[in-house]
Amino acid sequence: MELSLGGRDMAGASGKRSGATGRSWRCRMLGWLPGGVMMLVGGSIAATAWGYDLGSIDNMGPGFFPFVLGLVLVGLGVAELFSASGKAEVSSERPPVNWRAICCISSSLLAFALLINSAGLLPAIFIGVYLAMLSERPVRWISALLYSSALTAFGYVVFILGLGLPVSAVWW
Amino acid sequence: MIKKLMRTLVLALAALMAVSANAEGYPDKPVRIIHGFGPGGNADTVARIIAEKLTKRFGQPFVVEPKPGAGGNVASDFVAHADPDGYTLELMVGGHSVSGALYRSLKFNALDDFTFISQVTAFPFFIATRAGTYKDLQALITAGKEGRVKYGSAGVGTTQNLTGELLAMKSGAKFKHIPYKGDAGSVTALLGGEVDFIVATGTSVLGQAKSGQLDLIAVSWDGPWADTPYVPTVHSVLDSDYDVFSWTGLGGPKGLPEDIVSDLNQAVVEILQSDEVKSKIRSLGAVVRNTTPQGMHDMVERQINEWNHVIDAADIPRK
Amino acid sequence: MDLLSSLQLGLATALAPENLIYALIGVLLGQIVGVLPGVGALTAISLLLPVTFYLDPTQSMIMLAGIYYGSQYGGSIASILLRLPGTPSSVVTCFEGYPMAQQGRPGVALLLASVASLFGSVVGLTILIAGALPLSRFALNFGAPEYCALVLMGMIGASIVSNGSQLRAIAMMVLGILLGLVGTDINSGAYRFVVVDELADGISLVAVAMGLFGVSEIFSSIGTASRRGKIPLSLKLRDLMPTRDEWRRFLKPGSRGAAIGSAFGTLPGTGAAIASFVAYAMEKRISRHPEKFGTGQPEGLIAPESSNNAASITGFIPTLTLGIPGDAVMALMLGALIINGIVPGPTVMTDHPTLFWGVIASFLVGNVLLVLINLPLIKLWVRFLSIPYWALYPGVLLFVSIGVYSFRNSVVDVYTTLIFGLLGTMLSRLSFPPAPMLLGFILGPMLEEYLRRSMLLYDGDLTVFFTRPLSAVFMVGACLLLFLPPISGWIRRHRTARQTRSA
């Protein structure tokens with residue numbers, strides 16, 4: 001198995017391709033992204049770990065291992081930078097990013113997390129499921145409501161009655 | 001679902017039992033016994049044994065609620081800030097005294113923020129070595145004074161660790177501490193020869209000792225352990241005092257009403273007299289031990305002071 | 001008592017009606033619990049622990065053990081059908097099982113997984129019976145350096161499971177290790193990278209796995225209804241069975257997986273999860289078509305499934321023979337034994353033969369029960385996939401959220417799932433493979449623990465990894481795994497270049 005040195009074209013998602021005319025400015029910038037991010041992450045980890053007690057090699061402190069790993073990540077980032085400046089590939093088979101789904105599902109999970117302790121399990125399920133269902137286009141407002149109610153009831157039966165989860169069903 | 005069934009069973013049982021007289025109708029609703037460890041562990045098991053009996057006695061359900069995290073401090077924090085109405089109690093463990101000494105950043109005071117009701121169990125630690133490696137504790141101490149002796153414990157800042165450090169402090173020997181994850185880790189290490197001795201609870205080593213793979217060369221509290229009368233106490237070998245044990249006990253937030261405390265204390269005393277409870281506790285590697293509320297408070301205070309000395313002397317980092 | 005009569009005693013005990021019932025309850029509960037994300041064997045066993053007070057020890061152990069390996073199989077079901085690893089050891093099952101299901105052959109995947117699990121269990125059981133004591137004695141030779149080298153070798157070997165840039169795979173693994181270090185440092189009690197209080201006990205593995213694989217999959221699957229509804233899901237028996245070719249390819253990966261699983265299971269502290277990763281990596285390495293992995297290769301499904309069952313069975317070896325629990329679940333079962341007055345250790349075989357051999361025989365019985373129960377259920381599971389996606393994914397999200405939340409009663413874990421879901425989508429778009437990250441997450445803290453302890457024991461002498469024989473073997477293995485592929489690739493290119501030049 002060979003060490004493949006090519007990186008995918010970062011701009012694939014936004015649709016800009018590297019044509020015969022050479023790479024666009026945006027392509028080139030985004031090409032440095034993976035390596036750059038790796039270096040950034042590695043660097044901040046190492047910096048944070050430096051603040052913990054490093055100890056010595058025969059008595060490692062909490063900071064030793066993370067520090068070393070942070071440096072390794074920085075090194076890998078450098079290596080990635082050099083390899084990413086190689087050929088760029090065209091990745092055309094990827095389906096476009098479904099932003100709507102991402103937004104809806106994210107808000108669904110967020111709502112669930114926010115509501116479960118303050119409002120109770122049932123409101124959390126209801127709102128969460130409803131928000132999640134909004135990611136399907138075309139939006140079916142009514143059937144989403146019905147299904148959310150159904151799942152809420154189902155959740156009540158399985159998790160509160162059945163498994164006895166230590167969480168309140170509603171806030172009152 | 002099984003948990004629900006169990007709860008229903010317990011409730012039904014309570015309903016069938018006659019309610020014995022108690023102060024001002026306490027308790028008149030379910031009582032929670034919180035503990036800081038996982039289900040199936042030592043604390044959990046003791047709590048359940050006690051809870052079952054208390055439920056029978058008072059006619060109200062005493063329900064065990066694990067709240068694990070941060071070595072038991074999450075539970076203690078919760079109980080310290082709970083209402084002192086007698087409906088939130090804590091099954092405390094020996095680690096409570098350790099936390100009082102080891103943690104600087106607690107949001108509660110291990111001594112002042114609690115009402116101590118009664119101790120429930122006590123258990124010692126054992127010094128164990130691989131079979132045949134050391135004749136006795138004195139030989140181990142001598143070796144420690146000269147050369148490199150390594151010992152394993154259940155982790156940094158555990159009672160096992162502190163027990164080992166206290167031994168080093170009082171005997172003048174130098175032991176290098178190797179932390180493991182729990183007694184299971186240290187026992188494995190000892191069997192494999194990675195360390196020279198370990199400090200561990202009875203349940204972890206009694207099996208191996210019985211089969212002859214490990215030698216128990218000392219017991220940490222001030223008296224023999226019934227199942228192994230031939231194992232000497234550490235105190236008998238040292239010049240100074242040495243009485244280390246871990247424990248479980250019943251407590252609650254500070255300010256619990258006196259009559260509730262004495263009712264519960266009396267209940268615990270009676271419960272611990274039953275043979276059934278005694279033998280269950282024995283199988284956990286402990287003995288029953290009840291005290292007065294003041295007695296428990298004093299014991300915890302004494303332990304916190306002792307651990308503070310050990311932590312300072314051994315340079316164990318405080319959290 | 002010789003082996004044969006012990007086994008007879010064991011089988012008689014295991015097949016006795018009252019014990020059989022408990023085996024059945026155990027595997028059923030275990031399977032249900034394994035399918036539910038976030039609820040695992042640990043939860044189920046702890047819920048049932050009080051009940052075991054009222055049962056006799058043999059029955060309790062049979063039931064609890066049934067839950068344990070039942071949950072392995074349940075986790076596989078969710079992995080295959082939904083790409084939701086129900087247990088950490090079924091993460092690897094996603095890699096080949098899910099694509100296979102997506103290609104319209106979920107029944108085949110489920111059946112192969114089933115049979116592979118049974119196969120692994122049988123092998124593990126045989127090893128348990130034949131060599132429990134000597135094996136556990138041998139395992140005692142493994143000190144901190146050996147474990148460290150073994151974990152390192154496992155990590156390097158298994159990080160090469162992804163197609164594409166090895167550089168990025170290793171980077172992901174390093175990131176995973178760092179994420180695994182978040183929380184309280186065991187040795188010093190210091191907080192590391194703890195940005196919110198709940199993280200003091202670490203980032204939840206369940207949340208990470210669910211997010212990285214399950215949620216990110218939902219992100220990309222919504223709207224692409226054409227991918228789902230149109231998969232022809234035939235319920236004809238012929239289409240639910242693997243092809244003859246696939247059966248022919250069963251034995252070798254199954255055996256390799258079982259061997260790997262048994263090895264890891266015997267070592268206390270390593271587990272089924274690692275075993276499954278290493279088994280998968282091995283299959284990919286020695287396959288003639290490694291590029292096909294990830295598209296539904298049976299070998300990649302059979303080996304890990306066989307290995308994680310073998311590991312869960314042999315995982316009982318240290319528990320039963322030395323009284324040393326291999327992981328948290330074993331610790332619970334140990335507790336159950338102790339409550340009932342049984343002190344596990346080398347004497348347990350002779351002191352309590354009925355219990356010991358009965359439990360061992362029940363492993364076999366339980367696993368057979370699992371296969372028998374699931375064979376007819378496969379059709380049900382396949383039909384499950386025909387539920388229109390718009391109804392499926394909210395339900396999945398519901399279970400994931402509640403499962404992840406209830407694990408530690410923490411909303412932070414739900415946020416974690418979301419974050420890793422987003423991360424997983426982003427990473428796979430940028431060709432950063434998520435699997436090594438999960439591997440690093442699981443193995444990283446272990447690596448650190450053993451490394452630190454080795455250095456503590458040997459005064460910072462790094463050569464100890466090469467001077468101790470066992471550890472040296474693993475280190476050499478790790479080096480080979482790391483450097484052999486690129487070197488051989490380079491040699492090959494060199495040779496081709498020379499041939500073309502001389503031509």
Side-chain angles (χ1 to χ4, degrees), chain A residues 1-8 10 13 33-34 38 41 45 48 52-53 56-62 65-66 69-70 72-73 76-77 79-80 83 94-95 97-98 100-102 105-106 108-110 112-114 116-117 121 125 128-129 132-133 135-137 147-148 151 155 159 165-167, chain C residues 39 160 164-168 170-171 174-175 177-178 181 185 187-188 190 192-193 215 218-220 222-224 285 290 390-391 393-395 397-398 401-402 405-406 409 411-412 414-415 417-418 421-422 425 429-432 447-448 451-452 455-456 458-462 485-486 489 492-493:
Chain A
M1 185 170 170
E2 310 168 19
L3 242 176
S4 83
L5 296 176
R8 293 274 170 106
M10 291 311 107
L33 203 62
M38 279 160 69
V41 171
I45 302 264
T48 318
Y52 303 142
D53 176 23
S56 53
I57 187 129
D58 71 314
N59 194 356
M60 295 185 199
F65 205 54
L69 287 179
V72 168
L73 202 54
L76 288 173
E80 173 70 34
S83 69
R94 283 208 199 280
V97 178
N98 189 344
R100 189 195 176 91
I102 293 184
I105 307 264
S106 305
S108 159
L109 284 173
L110 273 172
F112 183 85
L114 289 168
I116 190 162
N117 277 331
L121 182 68
I125 297 183
V129 173
M133 295 193 74
S135 39
E136 281 272 315
R137 228 194 263 135
Y147 196 56
S148 307
L151 276 184
F159 292 104
L165 227 57
V167 64
Chain C
V39 185
I160 319 178
S165 163
Q166 179 150 339
L167 187 69
R168 295 186 181 191
I170 298 194
V174 171
L175 185 62
I177 300 179
L178 286 167
L181 296 180
D185 170 36
N187 276 7
S188 64
R192 294 194 287 197
F193 310 115
V215 176
I218 292 181
F219 280 151
S220 36
I222 294 185
T224 58
R285 277 223 146 291
W390 67 261
Y393 79 83
L397 274 177
L398 172 69
S401 320
I402 297 188
Y405 170 79
S406 61
N409 248 60
V411 286
V412 171
V414 181
Y415 294 130
T417 310
L418 176 60
L422 294 169
T425 314
R429 291 219 154 241
L430 300 179
S431 314
F432 278 88
L447 185 68
E448 186 196 26
L451 180 65
R452 275 167 98 161
M455 291 297 96
L456 195 62
Y458 294 96
D459 297 321
D461 180 11
L462 280 170
R492 221 182 311 138
R493 275 199 298 265

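Just so we're on the same page: letters track the sequence lines, and every chain starts at 1.
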Cut-off 4.5 Å, heavy atoms of chain A, and the answer for C/Leu398 is side chain
Answer key: most heavy-atom pairs under 4.5 Å with chain C among A/Val72, A/Leu73, A/Leu121 is A/Leu73
Cut-off 4.5 Å, heavy atoms of chain A, and the answer for C/Tyr405 is side chain
Nearest heavy-atom contact between A/Phe112 and C/Val414 is CD2-CG1, 4.2 Å
Among A/Ala132, A/Ser108, A/Gly70, the residue with the most heavy-atom pairs under 4.5 Å to chain C is A/Ala132
Closest non-hydrogen contact found for C/Val411 with A/Ala113 is CG1-O, 3.2 Å
A/Ile57 side chain reached by C/Leu462 side chain, heavy atoms, under 4.5 Å: yes
Could you tell me if the side chain of C/Leu178 sits less than 4.5 Å from the side chain of A/Phe65, heavy atoms only? no
**Asked** Under 4.5 Å between any side-chain heavy atoms of C/Leu397 and A/Val129, yes or no?
**Response** no
Evaluation steps, side-chain contact (heavy atoms from CB on, under 4.5 Å), between A/Met60 and C/Leu451:
CA-CA 9 Å; A/Met60 295 185 199; C/Leu451 180 65; 3.7 Å; yes
Assert top hit (heavy-atom pairs under 4.5 Å, partner chain C, pool A/Ala101, A/Pro66, A/Gly77) equals A/Pro66
Sorted by chain and number, sequence neighbours left out, side chain to side chain donor-acceptor pair (under 3.5 Å) with C/Tyr458 holds for C/Arg468
Side-chain donor or acceptor of A/Tyr52 paired with backbone N/O of C/Arg192 under 3.5 Å = no
Closest non-hydrogen atoms of A/Leu76 and C/Ala171, given as atom of the first, atom of the second and distance, are CD1-CA, 3.6 Å
ask   = So do the side chains of A/Asp58 and C/Leu456 get within less than 4.5 Å of each other, counting heavy atoms only?
value = no
A/Ile45 side chain reached by C/Phe193 side chain, heavy atoms, under 4.5 Å:
yes
Counting heavy-atom pairs under 4.5 Å with chain C, the top scorer among A/Leu110, A/Leu109, A/Asp53 is A/Leu109
CE of A/Met38 to CZ of C/Phe432, rounded to nearest 0.5 Å, is 5.5 Å
Highest number of heavy-atom pairs under 4.5 Å with chain C among A/Leu69, A/Thr48, A/Asn59 belongs to A/Leu69
Cut-off 4.5 Å, heavy atoms of chain A, and the answer for C/Ile170 is both
Scanning both residues in full, the closest heavy-atom pair of C/Ala391 with A/Tyr147 reads O-OH, 2.6 Å
Query raised in the report: Just wondering, do A/Ile125 and C/Ile402 contact through their side chains at under 4.5 Å, heavy atoms?
Result: yes
C/Glu448 versus A/Pro62: any side-chain heavy-atom pair under 4.5 Å? no
Shortest non-hydrogen pair, A/Ser106 vs C/Leu422, comes out as OG-CD2, 3.8 Å
